[in-house]
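Below is one structure, written out as structure tokens, with a few remarks after it.
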Amino acid sequence: MPTALDAHLAAVRACRRCPGMVPPPIVGRPIQSRVYLVGQAPGPREGALGRPFAWTAGRTMFGWFAALGLDEEAFRARVYIAAVCRCFPGKANGGGDRVPSPAEISNCSGWMDAELALLDPQLILPVGRLAIARFLPPAPLEQLVGRVWQVEVGGRVRDVLPLPHPSGASTWFRMEPGRTRLIEALRLLGEHAEWRELLDR
Ligand code: SF4
């Protein structure tokens, strides 16, 4: 029997609200989890591969989590993976992926609101500046990454642990101070009660 999460993900897959986005919407698995990871938007490969973080950025990110005890398959099976925008935005004139417009982010935010209501996660992991901006006020990344923030989200206080975007195009987390901030963020994640609970499943 389909669950409320199955129905939700079917509705997301069918969404075509943004004319400038490249369908299909990319969704993760219907995992009832207290840990909620939010990426930015899928890249050009995810549509064919049919899952979020399916290419090189995902390999880097899942490597971080594997070092904390959860390999990619275990992570995908235990953590709900969302995104600020669920469709590939297409390429920008400069060659990188286009940054979604405020209207597109607003269009897609209803899916996240619905998931927060369905899952009621205690720990939120926003990955990348666009996702971090959904939960935390504007500030340089080095002031945001490497801390656990208590933030009121969806009517109650939750832990928000921001991570940098693992894209190969990003140098932030490979150089100081980003490298040390990422190490600290992953240390805090590994010690978090919700992460420890994931490991025990
Ligand atoms: S980006 Fe979000 S709101 Fe826009 S079409 Fe894709 S799923 Fe729908």
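First listed ligand is number 1; within each ligand, the first listed atom is number 1. Hydrogens, waters and symmetry mates play no part in the numbers below; they use all other heavy atoms, side chains included.
Distance check for C15 against atom 4 (Fe) of ligand 1: none of its N/O/S atoms falls below 2.8 Å. Under 2.8 Å from atom 2 (Fe) of ligand 1 lies an N/O/S atom of C108, whether from backbone or side chain.
At least one test fails for R174 against the ring of W172: distance under 6.0 Å to the centre or angle within 45° of the axis.
Ligand-side atoms of ligand 1 in range of N107: 3 (S), range being under 4.0 angstrom from any heavy atom.
Contact between E104 and ligand 1 is absent, with no heavy atom of the residue lying under 4.0 Å from the ligand.
Considering C18, A103, P24, P19 only, the shortest heavy-atom separation from atom 5 (S) of ligand 1 involves C18.
Using bins of under 30°, 30° to 60° and over 60° for the plane-to-plane angle, the ring pair Y80/Y36 lands in the parallel bin. Taking the six-membered ring where tryptophan is involved, the planes of F62 and F53 are perpendicular, since the angle between them exceeds 60° and thus also 30°.
Counting protein heavy atoms only, atom 6 (Fe) of ligand 1 is closest to C87 SG, 2.3 Å.
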Derivation and outcome, salt bridge (charged side-chain N to carboxylate O under 4.0 Å, His left out), residues E184 and R179: CA-CA 9 Å; E184 178 62 7; R179 188 171 170 278; over 6 Å; no
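The pair R78-E72 fails the salt-bridge criterion, with no side-chain N (NZ, NE, NH1 or NH2) lying under 4.0 Å from an Asp/Glu carboxylate O.
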